[in-house]
Number of protein chains: 2
Amino acid sequence: MKRGLSQTCYVFFSVISNPTRLAILENLLRGPMNVSQLTELLKQRQSMISHNLRPLLRCGFIKVERRGKERFYSLNGETVEHLFRVVENHSQKYCPTMGVCPSKEEKRR
Amino acid sequence: MKRGLSQTCYVFFSVISNPTRLAILENLLRGPMNVSQLTELLKQRQSMISHNLRPLLRCGFIKVERRGKERFYSLNGETVEHLFRVVENHSQKYCPTMGVCPSKEEKRR
DNA sequence: TAAATATATGAAAAATTATTCATATCATGA
DNA sequence: TCATGATATGAATAATTTTTCATATATTTA
């Protein structure tokens, strides 16, 4: 069953448009990590990390390798680097306040 | 106020991880369009189109030009093309069923 | 200026997604 | 094999986001 471009994109982007999952990806940029390390780094519950690893894995952003009882997760391919680069370029060029969008900002106050 | 990479990415990706907004972007790939045209093409309410145009505008994915009572929206820069290309590459390479992720698929049945 | 058309907006309701808790699984070493 | 440590998972709740409806605003033309 083939799917249109924007539908494929939706599956794809909905997986990465989440602060926890993005933080996981950002941390994995530095190298493979197991669940406990991610849990500690992101200061979140372990179950939350696991729940968030799953969609990343399912859509091929990361891969996993077992070592004993631990599981090491690492980035799969260059997709994440490419994406982050596109975002950085875009935000530098078009977003007046470096990715801080006005209305989100108001919300925060 | 500077913000970390993954936070910038979150603002950015949360804007495009929506089927309506992606469909708008996909259609604008072919050229500028006004709200009525988008409304008809996407078969959605006009208010929904307007509501969804706003975040796209706010984050610089699109720009707008007034002509009489109409407003023509068009893509801003190459960000969208770049993003779509990254997704296509990724899904061809890593997603077994061309962007159709197993668990989303199950959900649909 | 009144009517008509195009678009935007606020607020409520509906839908989706994230988070937590409790517990299950699974591999290891005593 | 039992205890331990690491990770995963299901289900309930909480939080966020989308969608709709009603209506406002703005521009043009009669």
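Quick note on labels: first sequence line is chain A, next is B, and so on, each numbered from 1.
Closest contact between the side chain of B:Met48 and the listed nucleotides D:dT19, D:dA26, C:dT20 involves D:dT19. Among C:dT19, C:dT9, C:dT20, the nucleotide with an atom closest to any side-chain atom of B:Ser47 is C:dT9. Of the candidates C:dA18, D:dC21, C:dC21, the closest approach to any side-chain atom of A:Arg21 belongs to C:dA18.
OP1 or OP2 of D:dT19 has at least one side-chain nitrogen or oxygen of B:Thr20 nearer than 4.0 Å. Contact annotation: A:Tyr73 side-chain N/O to D:dA8 OP1/OP2 distance is under 4.0 Å. A sub-4.0 Å separation between OP1 or OP2 of D:dT17 and a side-chain N or O of B:Asn18 is absent. Remark: B:Arg45 is not in phosphate contact with D:dT19, judged by side-chain N or O atoms under 4.0 Å from OP1 or OP2.
Rounded to an integer number of Å, the gap from B:Leu42 CG to C:dT7 P is 13 Å. Spacing between atom CD of A:Gln44 and atom P of C:dC21 amounts to 12 Å, rounded to whole angstrom units. Atom pair B:Glu70:CD and C:dT5:P shows a separation of 13 Å (rounding to whole Å applied). Put simply, NZ on B:Lys69 is 11 Å from P on D:dT27, counting in whole angstrom units. Following rounding to the nearest Å, A:Arg54 (CZ) and C:dA18 (C1') show an atom-to-atom distance of 13 Å. Rounded to an integer number of Å, the gap from A:Gln37 CD to D:dG5 P is 17 Å. Protein atom CG of A:Leu56 is 12 Å distant from nucleotide atom P of D:dA8, rounded to whole Å. Between B:Asn52 atom CG and D:dT17 atom C1' there is a gap of 10 Å when expressed in whole angstrom units.
Contact between B:Arg30 and B:Asn27 at its shortest, heavy atoms only, is NH2-OD1, 2.9 Å.
Under the stacking criterion of a centre-to-centre distance below 5.5 angstrom and an interplanar angle below 30°, A:His51 is not stacked against the six-membered ring of C:dT19.
Residue-to-nucleotide contacts include a donor-acceptor pair under 3.5 Å from the side chain of B:Gln46 to the base of C:dA8.
Between B:Gly68 and A:Ile49, the residue anchored closer to the 5' end of DNA chain D is A:Ile49, taking for each the nucleotide with the nearest heavy atom.
Contact annotation: the side chain of B:Ser74 never approaches that of B:Ile62 to less than 4.5 Å [non-hydrogen atoms, C-beta and beyond]. A:Glu88 places none of its side-chain heavy atoms less than 4.5 Å from the side chain of B:Thr8. A heavy-atom distance below 4.5 Å is not found between the side chains of A:Val35 and A:Glu70.
Heavy atoms of B:Phe72 sit nowhere under 4.0 angstrom from any nucleic acid atom. Looking at heavy-atom distances under 4.0 Å, B:Arg67 makes no contact with the nucleic acid at all.
Note: A:Phe61 and A:Phe12 meet the aromatic proximity criterion, with ring centroids under 6.0 Å apart.
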